[in-house]
Amino acid sequence: VGTVVLIVLGPAGSGKSTLVSTYSKWLLSNGYSVTKVNLDPAADYLPYIPDYDVRDFVSARELAIREGLGPNSALLVAMDRVCNYLSDLINYLVKVGSDYVLIDTPGQMEVFLFREVSSRLVSELRRGGFSSTYALFVVGADLIRDSRDYVLSSLMALATQLRLDVDSALVINKVDVFSESVSRLSGDLIRDYEVVINGLSTESLYSELLKELLPVITKYLRSTEVPKVSALKGYGMEELHRLVHELSCVCGDLT
Ligand SMILES: Nc1nc2c(ncn2[C@@H]2O[C@H](COP(=O)(O)OP(=O)(O)OP(=O)(O)O)[C@@H](O)[C@H]2O)c(=O)[nH]1
Ligand SMILES: [Mg+2]
């Protein structure tokens, strides 16, 4: 089947790096080999030891000092420079040939997602023969306060799928600090439908639009499973792995 590559992205502080750490440990303890890649040139601290780290080549902080840039433009310039190392990264991944590759991306999601670096990453992965590449869109449960937020998060996961041109899935993290709305949801966009639709009626001026979007999202988002995990406490890793397996399974859905 070959290597499964997971691009982990999502809003600032949603727990991407912690999830890379926790899920990689889970994979290892279940007998899989894992390569952890850090693509965040601005990370000061990482909760895992990366096997490949763009900070070895590009540092946003150094750029800021050397070129007199603010933190945001330094990250922009740094991410553009990361493009120069992507073919090197792919060569490394080919050489290592692990079962799973987890790619951690910068806190400022838009600097990765909407710029050249993300499309280059995906095309380099394709060129390197990594046909099982997926995106995990990680959102903190603290951002899901109501049904509208749930639909919006799913919509962002779908936007990720469209932008990167790889199948994407939504993952809700930080469920140890459970928000009530998340606990009502079953973990599946289709089964959550009624709960979400009922909630929407009262929450937004645009509830009709949101209601019409939901079936579109569930139709086109590759996975409707929504694992609810705690990267910090290690909850839900089996659920997450089931989703990853579903994404990478070529057996198809026979139901
Ligand atoms: N309660 C709780 N906190 C978490 C969880 N996962 C991560 N955190 C905390 O959230 C903060 C951010 O976690 P990171 O893993 O650095 O998040 P990130 O998305 O990589 O952050 P950036 O790269 O800066 O965008 C840290 O203080 C983590 O300890 C979780 O499951 N539960
Ligand atoms: Mg991070």
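What's counted below: heavy atoms across the whole structure, side chains too, no hydrogens, waters or symmetry copies. Counting starts at 1 for both ligands and their atoms, following the listed order.
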Starting from [atom], locate the nearest protein heavy atom and write down its residue, its atom name and how far away it is, to 0.1 Å.
atom                    : result
atom 10 (O) of ligand 1 : Lys174 NZ, 3.4 Å
atom 19 (O) of ligand 1 : Lys16 NZ, 2.8 Å
atom 31 (O) of ligand 1 : Ala231 N, 2.9 Å

For residues [X] and [Y], is any side-chain donor paired with an opposing acceptor at under 3.5 Å?
X      : Y      : result
Arg148 : Ser207 : no
Tyr92  : Asp51  : no
Ser14  : Asn173 : no

Applying side chain to side chain contact (heavy atoms under 4.5 Å, CB included) between Pro41 and each of Asp53, Val58, Val111, report the one that passes.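 Testing Pro41 for a side chain to side chain contact (heavy atoms under 4.5 Å, CB included) against Asp53, Val58, Val111 leaves exactly one candidate, Val58.
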Residue from Val54, Leu121, Val101, Val94 passing side chain to side chain contact (heavy atoms under 4.5 Å, CB included) with Leu89: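 When Val54, Leu121, Val101, Val94 are each tested with Leu89, the side chain to side chain contact (heavy atoms under 4.5 Å, CB included) holds only for Leu121.
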Using a plain distance cutoff, I'd like to know if [X] has any nitrogen or oxygen under 3.5 Å from a nitrogen or oxygen of ligand 1.
X      : result
Gly13  : yes
Gln108 : no
Leu232 : yes

If you measure from [atom1] on [X] to [atom2] on [Y], what distance do you get to the nearest 0.5 Å?
X      : Y      : atom1 : atom2 : answer
Leu189 : Ser154 : CG    : OG    : 4.5 Å
Glu110 : Asn72  : CD    : CG    : 8.0 Å
Leu158 : Ser168 : CG    : OG    : 8.0 Å
Leu136 : Leu102 : CG    : CG    : 8.5 Å

Is the Phe57-Tyr52 ring centre distance short of 6.0 angstrom?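 Yes.
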Option of least heavy-atom distance to atom 1 (N) of ligand 1 (set: Asp176, Asp40, Thr18, Val229):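 It is Asp176 whose heavy atom sits nearest to atom 1 (N) of ligand 1.
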Under 4.0 Å from a heavy atom of Ser17: give me the atoms of ligand 1 that qualify, with their elements.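 Reading through ligand 1 atom by atom, the close ones are 15 (O), 18 (P), 20 (O).
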Close-contact set for ligand 1 against Ala12 heavy atoms, below 4.0 Å: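 In order of numbering, the contacting atoms are 25 (O).
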Does atom 27 (O) of ligand 1 have a protein non-hydrogen atom under 4.0 Å from it?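 False for atom 27 (O) of ligand 1.
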Does atom 5 (C) of ligand 1 have a protein non-hydrogen atom under 4.0 Å from it?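 Yes, because at least one protein heavy atom sits under 4.0 Å from atom 5 (C) of ligand 1.
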List-wise, which protein N, O or S atoms are found short of 2.8 Å from the Mg ion (ligand 2)?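 Under 2.8 Å from the Mg ion (ligand 2) - ignoring waters, which are not counted - the protein N, O or S atoms are Ser17 OG.
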Atom CZ of residue position Arg61 - does it have more than 12 heavy atoms of other residues, nucleotides or ligands inside 6.0 Å?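 No, not enclosed.
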